[in-house]
Undergrad: 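One structure, pasted below without further comment.
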Amino acid sequence: MAYWLMKSEPDVFSIEHLRRKNVAGWDGVRNYQARNFLREMAVGDGLLFYHSGAEPSGVAGLAEVASAPSPDPTQFVRGHARFDPRSKREDPTWVQVEVRAKAKLARLVALAELKANPALAQMRVVQQGSRLSIQPVSASEWQEVLRMARATPKK
DNA sequence: GCCAACGTTGGC
DNA sequence: GCCAACGTTGGC
């Protein structure tokens with residue numbers, strides 16, 4: 001069982017959107033490093049749903065991987081914002097997974113809090129210039145973020 | 001809105 | 001294969 005952090009702009013697709021749909025395809029990834037992480041995912045993996053470009057940005061909820069990786073259909077849709085003319089049907093470049101909403105976090109854990117926690121100093125999302133939209137999360141980081149969500153934030 | 005970080009593209 | 005130019009991400 002692995003853990004991941006997945007970024008989304010809440011104006012585009014938020015944790016609330018996912019809760020309403022319950023299951024959604026995580027499509028549109030067009031970065032090779034992120035795609036390679038998608039390929040490693042397995043059903044049941046834990047997901048930290050991260051809101052980027054938000055006020056505040058941070059871990060907004062929990063989800064889980066609900067399907068094995070499969071070709072991302074949007075890469076073949078001419079006119080779609082994520083259409084990739086170089087991707088071939090017989091050898092798709094991009095993949096997606098289905099994700100399922102999980103129990104709500106007690107509260108949003110803001111990026112500033114993650115950065116202020118020495119236990120998370122190695123966490124990818126707190127590193128400067130960390131733009132990758134899909135990141136691996138260690139078991140201890142996962143536990144720590146869940147613990148923070150249960151605790152009262154420091155002021 | 002600014003801009004640092006960093007991935008991608010394309011000329012050479 | 002190098003690297004400058006360009007585009008995107010995302011915090012602030």
Side-chain angles (χ1 to χ4, degrees), chain A residues 2-21 24-41 45-63 65 69-99 101-102 104-138 140-142 144-149 151-155:
Chain A
Y3 303 98
W4 312 91
L5 178 146
M6 295 168 99
K7 293 183 187 174
S8 184
E9 295 183 38
D11 292 349
V12 179
F13 191 75
S14 70
I15 186 71
E16 289 77 21
H17 291 127
L18 179 59
R19 282 207 198 92
R20 281 198 287 276
K21 291 188 72 173
W26 201 271
D27 58 23
V29 172
R30 294 294 182 269
N31 170 284
Y32 287 100
Q33 241 186 310
R35 180 208 57 187
N36 293 343
F37 287 135
L38 279 175
R39 283 177 168 170
E40 293 178 33
M41 290 185 182
D45 281 1
L47 302 174
L48 299 176
F49 196 117
Y50 181 91
H51 282 176
S52 62
E55 195 49 58
S57 293
V59 176
L62 301 179
V65 176
S70 66
D72 176 349
T74 64
Q75 69 196 303
F76 302 121
V77 181
R78 213 169 293 275
H80 191 282
R82 298 294 192 173
F83 175 62
D84 182 354
R86 291 183 297 187
S87 183
K88 299 182 179 67
R89 291 219 176 243
E90 62 275 19
D91 184 22
T93 307
W94 308 110
V95 300
Q96 65 164 14
V97 295
E98 299 279 316
V99 303
K102 291 280 283 182
K104 191 176 179 176
L105 280 182
R107 64 183 188 88
L108 180 138
V109 182
L111 177 60
E113 293 178 65
L114 301 176
K115 286 185 168 175
N117 187 340
L120 300 178
Q122 302 304 311
M123 195 174 181
R124 195 127 181 189
V125 76
V126 308
Q127 310 304 318
Q128 190 174 22
S130 177
R131 301 190 311 169
L132 198 60
S133 66
I134 298 177
Q135 310 181 355
V137 171
S138 73
S140 63
E141 289 163 353
W142 173 270
E144 182 63 13
V145 172
L146 266 52
R147 192 196 64 73
M148 292 172 79
T152 308
K154 289 190 199 115
K155 281 290 168 190

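The analysis underlying the following values was restricted to heavy atoms, covering all of them including side chains, and did not include hydrogens, waters or symmetry mates. Note that the coordinates shown come from a computational prediction; the quantities given were computed from them, not determined experimentally. We name chains A, B, ... by the order of the sequence lines, and we start the count at 1 in each one.
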Undergrad: Using a cut-off of less than 4.0 Å, is there contact between a side-chain N or O of A:K115 and OP1 or OP2 of C:dC12?
TA: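 Checking A:K115 against C:dC12: at least one side-chain N or O falls below 4.0 Å of OP1 or OP2.
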Undergrad: Please state how far atom CD in A:Q127 lies from atom P in C:dG11, giving the value in whole angstrom units.
TA: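 It is 14 Å, rounded to the nearest whole Å.
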Undergrad: Identify, between A:R131 and A:A54, the residue whose nearest nucleotide on DNA chain C lies closer to the 5' end.
TA: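 Per heavy-atom nearest nucleotide, the more 5' residue is A:R131.
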Undergrad: I'd like to check A:R35 versus A:W94 (side-chain heavy atoms, cut-off strictly below 4.5 Å). Are they in contact?
TA: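 With C-beta onward as the side chain, the pair touches.
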Undergrad: For the residue pair A:W26 and A:F13, categorise the inter-ring angle as parallel (less than 30°), tilted (30 to 60°) or perpendicular (more than 60°).
TA: perpendicular
Undergrad: If we ignore angles and hydrogens, is there a donor and acceptor under 3.5 Å between the side chains of A:R30 and A:T74?
TA: yes
Undergrad: Rounding to an integer number of Å, can you tell me how far A:Q33 CD sits from C:dT8 P?
TA: 19 Å
Undergrad: Atom CD of A:E9 to atom P of C:dG10: distance rounded to whole Å?
TA: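 In whole Å, C:dG10 P and A:E9 CD are 7 Å from each other.
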Undergrad: Classify A:Q128 by what it touches in the nucleic acid, base, sugar-phosphate, or nothing, heavy-atom distance under 4.0 Å.
TA: sugar-phosphate
Undergrad: Between atom CG in A:L132 and atom P in C:dG11, what is the gap in whole Å?
TA: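 Going from CG in A:L132 over to P in C:dG11 covers 13 Å.
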Undergrad: Taking atom P of C:dC12 as reference, at what distance in whole Å does atom CG of A:L114 sit?
TA: 11 Å
Undergrad: Is there a side-chain contact between A:M41 and A:M6, using heavy atoms and a 4.5 Å cut-off?
TA: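 Sidechains of A:M6 and A:M41: in contact.
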Undergrad: Select one nucleotide: of B:dG7, C:dC12, C:dG10, the one nearest the side-chain heavy atoms of A:S52.
TA: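 Output: C:dG10.
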Undergrad: Please tell me which of the listed nucleotides, B:dA5, C:dC12, B:dT9, lies nearest to the side chain of A:R86?
TA: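 Given the options B:dA5, C:dC12, B:dT9, the side chain of A:R86 is closest to B:dT9.
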Undergrad: Which comes earlier along DNA chain C counting from the 5' end, the contact point of A:A112 or that of A:R82, where each point is its nearest nucleotide?
TA: A:R82
Undergrad: Would a 4.5 Å heavy-atom cut-off, applied to side chains only, mark A:L5 and A:R124 as touching?
TA: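 No, side chains not in contact.
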Undergrad: Go through C:dT9, C:dG11, B:dT8 for me and flag the one nearest to the A:Y32 side chain.
TA: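 Of all the options, the side chain of A:Y32 is nearest to B:dT8.
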Undergrad: Using whole Å, report how far CG of A:D11 lies from P of C:dG11.
TA: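 Whole-Å distance recorded here is 13 Å.
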Undergrad: Tell me the interatomic distance from A:K7, atom NZ, to C:dT9, atom P, rounded to whole angstroms.
TA: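 In whole Å, C:dT9 P and A:K7 NZ are 11 Å from each other.
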Undergrad: To the nearest angstrom, how far is A:L5 atom CG from C:dT9 atom C1'?
TA: 14 Å
